2 protein chains.
Amino acid sequence: MNDKFAGLEPDQEQAIHKARKRVIESIGKNMDLYGITQSTGLLYGLMFFQDKPMNLDEMGQAMEMSKTSMSTGIRTLVDLNMVNKVWEKGSRKDLYEVERDWHQTFADFFVLKWRKAVEMNLTALRRSQNELVKLAEGASAETAEPVRAAVAGDLDKIGQAIAYYLWLDRVIDLLESGGIYEHVPKEPDSD
Amino acid sequence: MNDKFAGLEPDQEQAIHKARKRVIESIGKNMDLYGITQSTGLLYGLMFFQDKPMNLDEMGQAMEMSKTSMSTGIRTLVDLNMVNKVWEKGSRKDLYEVERDWHQTFADFFVLKWRKAVEMNLTALRRSQNELVKLAEGASAETAEPVRAAVAGDLDKIGQAIAYYLWLDRVIDLLESGGIYEHVPKEPDSD
DNA sequence: TAGTATGTACGGTTTTTACTGTACAATGAT
DNA sequence: ATCATTGTACAGTAAAAACCGTACATACTA
């Protein structure tokens with residue numbers, strides 16, 4: 001039972017909800033950048049304004065959606081470290097609350113998703129690079145020249161791509177280590 | 001007509017295609033991070049290995065898809081600055097080639113998409129912040145205290161969020177200005 | 001141990017998105 | 001001006017994803 005609005009006039013309470021709704025919808029709309037569905041984004045926005053951890057039933061009620069959907073939605077949010085599972089004695093229900101450190105949330109997302117992509121692509125690039133090099137080396141005398149010519153362009157492109165991903169990997173390192181805050185402080189320099 | 005593989009034995013040509021295919025599919029699979037559909041990602045991967053600009057018909061043939069789909073796919077890639085339209089005299093067809101500077105591609109994506117999200121969210125947050133402040137200020141004597149209490153938490157959360165987005169905005173600045181390369185050089189320091 | 005509450009796997013349904021073919025507008029060639 | 005060629009708007013269809021209700025496994029309670 002939320003008596004946070006006790007003693008308020010109806011239109012005052014209405015105004016607060018309107019203010020929240022604007023933020024929630026903006027957040028929900030932009031969470032596609034995290035590869036998150038809109039309704040999951042709205043769920044996140046809802047939880048953002050909650051002062052206490054929520055359980056699945058409360059979410060379903062507030063979102064007017066099934067508990068099943070809340071379960072899957074909350075799972076993706078937990079997987080992305082955007083929401084944390086909370087233990088509260090006396091309650092048998094699972095409770096969740098949003099991670100309040102958004103800088104961390106942002107960093108976690110990159111480390112998780114982009115690092116994986118970088119690694120996958122690097123693996124593929126290096127494997128193909130290897131194959132092409134060996135193909136050129138192993139070519140018979142008469143095919144050696146055409147093979148080299150055919151492979152040169154690809155090897156060049158692959159080399160460029162690898163260099164890029166190594167750079168991106170270091171960018172991700174900067175987020176993971178927190179070194180980013182030395183170059184972009186959380187509070188802007190007041191000069 | 002691509003005679004790039006002239007003089008090659010069939011299995012050599014096969015090996016090259018296999019090497020390319022691995023990279024193309026890896027790229028295609030991970031392009032969802034850019035909010036791009038898999039097939040558009042594959043189109044991008046295909047173009048990545050092309051030495052000459054491609055037209056829509058060539059793409060459709062290579063992808064075994066309709067020209068319409070190529071048109072829409074290429075549009076999203078152009079909108080993201082991942083592919084450039086190229087002019088070639090003598091050809092009435094539109095020609096496209098991938099942007100080779102992937103660092104720039106990465107930066108462009110963030111400036112384009114994330115900046116937009118930051119601005120949208122900041123706008124919503126500030127607007128709601130304003131409303132809540134005014135709500136508290138304008139409350140009648142008897143409701144002043146409950147209103148203040150009800151609004152305090154939201155204002156605090158909104159303030160935190162605004163601070164975060166201002167930070168994120170500066171991170172985007174760092175990418176846009178190229179200042180990122182001072183802290184994460186394209187070529188790693190060789191020490 | 002039996003009973004109750006809770007989260008999720010699963011199959012079916014609805015909604016959304018991707019894709020295609022056709023028709024047409026725009027552009028360039030003759 | 002007429003004709004050809006090219007890209008895309010649009011509407012229909014196929015594919016995919018979101019969502020729901022049920023059933024069930026798990027864990028807690030008495």
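Each chain gets a letter, A, B and so on, in the order the sequences are listed, and its residues count up from 1. As the structure is a prediction and not an experimental result, all values here were calculated from the model.
Closest to the side chain of A/Arg75, from the set D/dG7, C/dA9, C/dT6, is C/dA9. If you check D/dG7, D/dA18, C/dC19 against the side chain of B/Thr37, the one that comes closest is C/dC19. Comparing D/dG7, D/dC19, C/dC19 by their closest approach to the side chain of B/Met65 singles out C/dC19.
In this entry the distance linking CD of A/Glu64 with C1' of D/dC20 reads 15 Å, nearest Å.
Using a 3.5 Å distance cut-off with no hydrogens or angles, the side chains of B/Thr68 and B/Ser71 do not pair a donor with an acceptor. In this model, a donor atom of one side chain and an acceptor atom of the other lie less than 3.5 Å apart for A/Glu99 and A/Asn84. Under 3.5 Å, the side chains of A/Thr40 and A/Thr37 contain no donor-acceptor pair of N or O atoms.
Phosphate proximity of D/dC20 to A/Ser66: present, with a side-chain N or O under 4.0 Å from OP1 or OP2. Distances shown here put every side-chain N or O of B/Thr72 at or beyond 4.0 Å from the OP1 or OP2 atom of D/dT8. The shortest distance between the side-chain N/O atoms of B/Thr68 and the OP1/OP2 oxygens of D/dT8 is not below 4.0 Å.
Each of A/Arg92 and A/Ser71 has a nearest nucleotide on DNA chain C; the 5'-most of these lies closest to A/Arg92. Along DNA chain D, the nucleotide nearest to A/Ser69 and the one nearest to B/Leu95 differ in position, and the one closer to the 5' end is contacted by B/Leu95.
Within 6.0 Å of the NZ atom in A/Lys134, the count of heavy atoms belonging to other residues, nucleotides or ligands does not exceed 12.
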